[in-house]
**Q** 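Handing you a structure now.
For clarity, every value in this text was computed on a predicted model and none was experimentally measured. Below, chains carry the letters A, B, ... as their sequence lines are ordered, and counting in each starts from 1.
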Amino acid sequence: METNKFSNQDINRLLKRGVCEVIVKEELVTALKSGKVLRLKEGFDPSFPDIHLGHMVGLKKLREFQDIGHQVVLIVGDWTAQIGDPSGASVTRPMLSAEHVKTNAKTYMEQFFKIVDKEKTEVRWQSEWFGNFNLADVIKLTSKFTIAQILARDDFSKRYNANQPITITEFLYPLLQAYDSVAIKADVEFGGTDQKFNLLVGRELQTMLGQRPQQVLMVPLLVGTDGVHKMSKSLGNYIGVAESPENIFGKVMSIPDGIIMNYFELITCVSDQELDEFRQLLDKNAVNPMELKKRLGREIVTKLHDAKSAITAEEHFAKVVQNKEIPNEIEECFFNLDSSMDLKELLTSINLAKSRSDAGRLISQGAVSIDGSVVVCNSMKLESGCVIKVGKRRFAKIINSDIIK
RNA sequence: GGAGGGGUGCCGGAGUGGUUAAUCGGAGCAGACUGUAAAUCUGCCGCUCGGAAGGGCUACGCAGGUUCGAACCCUGCCCUCUCCA
């Protein structure tokens, strides 16, 4: 099987937009030109089954490689999941049950294949090779690297210098990931720039074991909706691939103006020429950034859902956020309105407030309104079918639970 | 094995016997404003009772102790870091 023929210009484009660094670039270019189908490795940790836009940068690039004929190998990190990627201050995690790993992997793949072509993807589980590992194998693997080498990784050295604990299992993480490359004979491994160390260990181990070292393609880290930190679930500044169109659109609208172009470039397919136009418009203040953000939101929702959802999501945003109106669809909540009505109780029980104290706070801050009028006291008469609004965008339609009986 | 640090609310990090539900920063929430769920400003930010004023309960690694009173002092334990071996 051969890949499609394509020019230097195509290769340039492929390795430029949304790519941070390629090691070794000349070799990858040669490999791409050779016409050989390359095995593109991408791994994931099934303890975090949710994909967000940050991951999408790399997945989109994988897709581009697929579209010209290359093969993706998706690795389910059912062993590394138990260690936890040492980038944070994470510690060894409890073993996930086999069942749990399975359901997480399923969830992950549903999201993964929204972007990557399922037909051109081979799914492999780490346990296929690590399941048979014994202590001798572990010793053989670990003896190939030194502590000094491992400590060269930025995350490790930072923690080490800050007198924070690092377990030996965490040191194992890069080695396991590297061995994956050997096991599947990877030609190229994809990852964020924060993965550089692990990716390079893969190259080393492959060389040691007589394989051709994989090429490493690093994609930039996407900044989160806060505009400051990298997008991550634990920081809460993420936009999930599986979220509703309304949520995705709204979250896109909440990004700071300064990172609009960054998002366009990394996670949409809007052409380079058009992006240049946008940049000029922004520079000259010739466009309201909000309009560009709306376009961005439409692009992203279309990619993750479809064009129709994008339109609905935008309408929803205009209606609810900009005009402060009530959305078309409101979740119905059942509550017994008869007995001595207690609004705090109601808000808490339908999850519009965390606790009765929280509900009290919201009421006193004027955040709660019923059918458009702001509530000032706790006890009041409610009609079945009334709409409660809390804050800017939390709504519930209250149905008297007695009626349906 | 020895010596010395450290464990505080979602996170970072003050506080070393009472006025501490615990300074401050970040996150989060709300209101105002706006060009948006941007930015900015203001307020809130353990649970619970109360319309409010105010009250009760729980909380500073764990378990005890001293004291009228402890995040703060003492004892033991657990976790963790550094240095020496």
**Q** Could you go over nucleotides 9-13 of chain B and give all protein N or O partners under 3.5 Å, atom names and distances?
**A**
none

**Q** With the threshold set at under 4.0 Å for non-hydrogen atoms, list the residues of residues 288-297 of chain A touching RNA chain B in residue-number order.
**A**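 RNA chain B contact set from residues 288-297 of chain A: Asn288(A), Pro289(A), Met290(A), Lys293(A).
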**Q** Across all strands, who's sitting opposite rG18(B) as a Watson-Crick or G-U wobble pair, both distances under 3.5 Å?
**A**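 Pairing partner: rC68(B).
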**Q** Just how far, in rounded Å, is P of rA27(B) from NZ of Lys230(A)?
**A**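 Those two atoms, NZ and P, are 18 Å apart.
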**Q** Picking from rU36(B), rC47(B), rC29(B), which would you name as closest to the side chain of Asp257(A)?
**A**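 Nearest to the side chain of Asp257(A) among the choices is rU36(B).
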**Q** Roughly how many Å is it from CZ in Arg361(A) to P in rG43(B), rounded to a whole number?
**A**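 Rounded to the whole Å, the gap is 17 Å.
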**Q** Side chain of Asn247(A) only, please: which of rA37(B), rC47(B), rU34(B) is the nearest?
**A**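 Selected nucleotide: rA37(B).
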**Q** Please figure out whether Met253(A) or Gly391(A) has its closest RNA chain B nucleotide nearer the 5' end.
**A**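 Upstream on the strand: Gly391(A).
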**Q** If the condition is side chain to side chain donor-acceptor pair (under 3.5 Å), which residues does Thr302(A) pass it with, not counting sequence neighbours?
**A**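 Not a single residue meets the side chain to side chain donor-acceptor pair (under 3.5 Å) criterion with Thr302(A).
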**Q** Check salt bridge (Lys or Arg N to Asp or Glu O under 4.0 Å) between Glu42(A) and all other residues, then give those that pass, not counting sequence neighbours.
**A**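 None.
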**Q** Of Glu204(A), Gln206(A), Glu189(A), which is the lone residue that meets side-chain hydrogen bond (donor to acceptor under 3.5 Å, both in side chains) with Ser181(A)?
**A**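 Among Glu204(A), Gln206(A), Glu189(A), the one that satisfies the side-chain hydrogen bond (donor to acceptor under 3.5 Å, both in side chains) with Ser181(A) is Glu189(A).
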**Q** Among residues two or more places apart or on two chains, list those pairs meeting side-chain hydrogen bond (donor to acceptor under 3.5 Å, both in side chains) that have a residue in residues 129-145 of chain A.
**A**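 Applying side-chain hydrogen bond (donor to acceptor under 3.5 Å, both in side chains) to every pair that reaches into residues 129-145 of chain A, excluding sequence neighbours, yields Trp129(A)-Asp180(A).
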**Q** Quick check: closest heavy atoms across Met56(A) and Ile267(A), and the distance to 0.1 Å?
**A**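 For Met56(A) versus Ile267(A), the nearest heavy atoms are CE-O, 3.6 Å.
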**Q** If you look at every strand shown and take non-hydrogen atoms under 4.0 Å, does Glu246(A) touch a base, only sugar-phosphate, or nothing?
**A**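 The residue Glu246(A) makes base contact.
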**Q** Categorize Gly250(A) for me: base, sugar-phosphate, or nothing, with a 4.0 angstrom heavy-atom threshold over every strand shown.
**A**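 If one applies the 4.0 Å heavy-atom cut-off, Gly250(A) turns out to touch a base.
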**Q** With a 4.0 Å heavy-atom cut-off, tell me which residues in residues 345-356 of chain A come close to RNA chain B, sorted by residue number.
**A**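 Correct list: Ser355(A), Arg356(A).
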**Q** In whole Å, what is the span from the OH atom of Tyr238(A) to the C1' atom of rA27(B)?
**A**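 Computing the Tyr238(A):OH to rA27(B):C1' distance gives 15 Å.
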**Q** Detail all sub-3.5 Å separations between protein N/O atoms and N/O atoms belonging to nucleotides 80-85 of chain B.
**A**
| unit_1 | atom_1 | unit_2 | atom_2 | d |
| --- | --- | --- | --- | --- |
| rC81(B) | O2' | Asn163(A) | OD1 | 3.3 |
| rC81(B) | O2' | Asn163(A) | ND2 | 3.3 |

**Q** Is there any ring-ring contact (aromatic ring centres under 6.0 Å, His included) pair reaching into residues 240-259 of chain A, and which pairs are they, with sequence neighbours excluded?
**A**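 Sorted pair list: Phe249(A)-Phe317(A).
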**Q** Between Ile248(A) and Val241(A), what is the shortest heavy-atom contact and its length?
**A**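 Shortest heavy-atom separation between Ile248(A) and Val241(A) comes out as CD1-O, 4.2 Å.
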**Q** Can you list the residues that meet the ring pair (Phe, Tyr, Trp, His ring centres under 6.0 Å) rule with Phe197(A), with sequence neighbours excluded?
**A**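 Partners of Phe197(A) by the ring pair (Phe, Tyr, Trp, His ring centres under 6.0 Å) criterion come out as none, since no residue qualifies.
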**Q** Which residues pass the salt bridge (Lys or Arg N to Asp or Glu O under 4.0 Å) test with Asp272(A), sequence neighbours left out?
**A**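 Partners of Asp272(A) under the salt bridge (Lys or Arg N to Asp or Glu O under 4.0 Å) test: Arg17(A).
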**Q** Kindly write out the residues that satisfy salt bridge (Lys or Arg N to Asp or Glu O under 4.0 Å) with Lys294(A), not counting sequence neighbours, or none if the list is empty.
**A**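 Once residues adjacent in sequence are excluded, Lys294(A) has no partner under the salt bridge (Lys or Arg N to Asp or Glu O under 4.0 Å) criterion.
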**Q** With sequence neighbours left out, what residues match Asp117(A) under salt bridge (Lys or Arg N to Asp or Glu O under 4.0 Å)?
**A**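 By the salt bridge (Lys or Arg N to Asp or Glu O under 4.0 Å) rule, Asp117(A) matches no residue at all.
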**Q** Assign each of Asp358(A) and Gln365(A) to its nearest nucleotide of RNA chain B by heavy atoms, then name whichever residue's nucleotide is nearer the 5' end.
**A**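 Checking each residue's closest nucleotide, the 5'-ward one belongs to Gln365(A).
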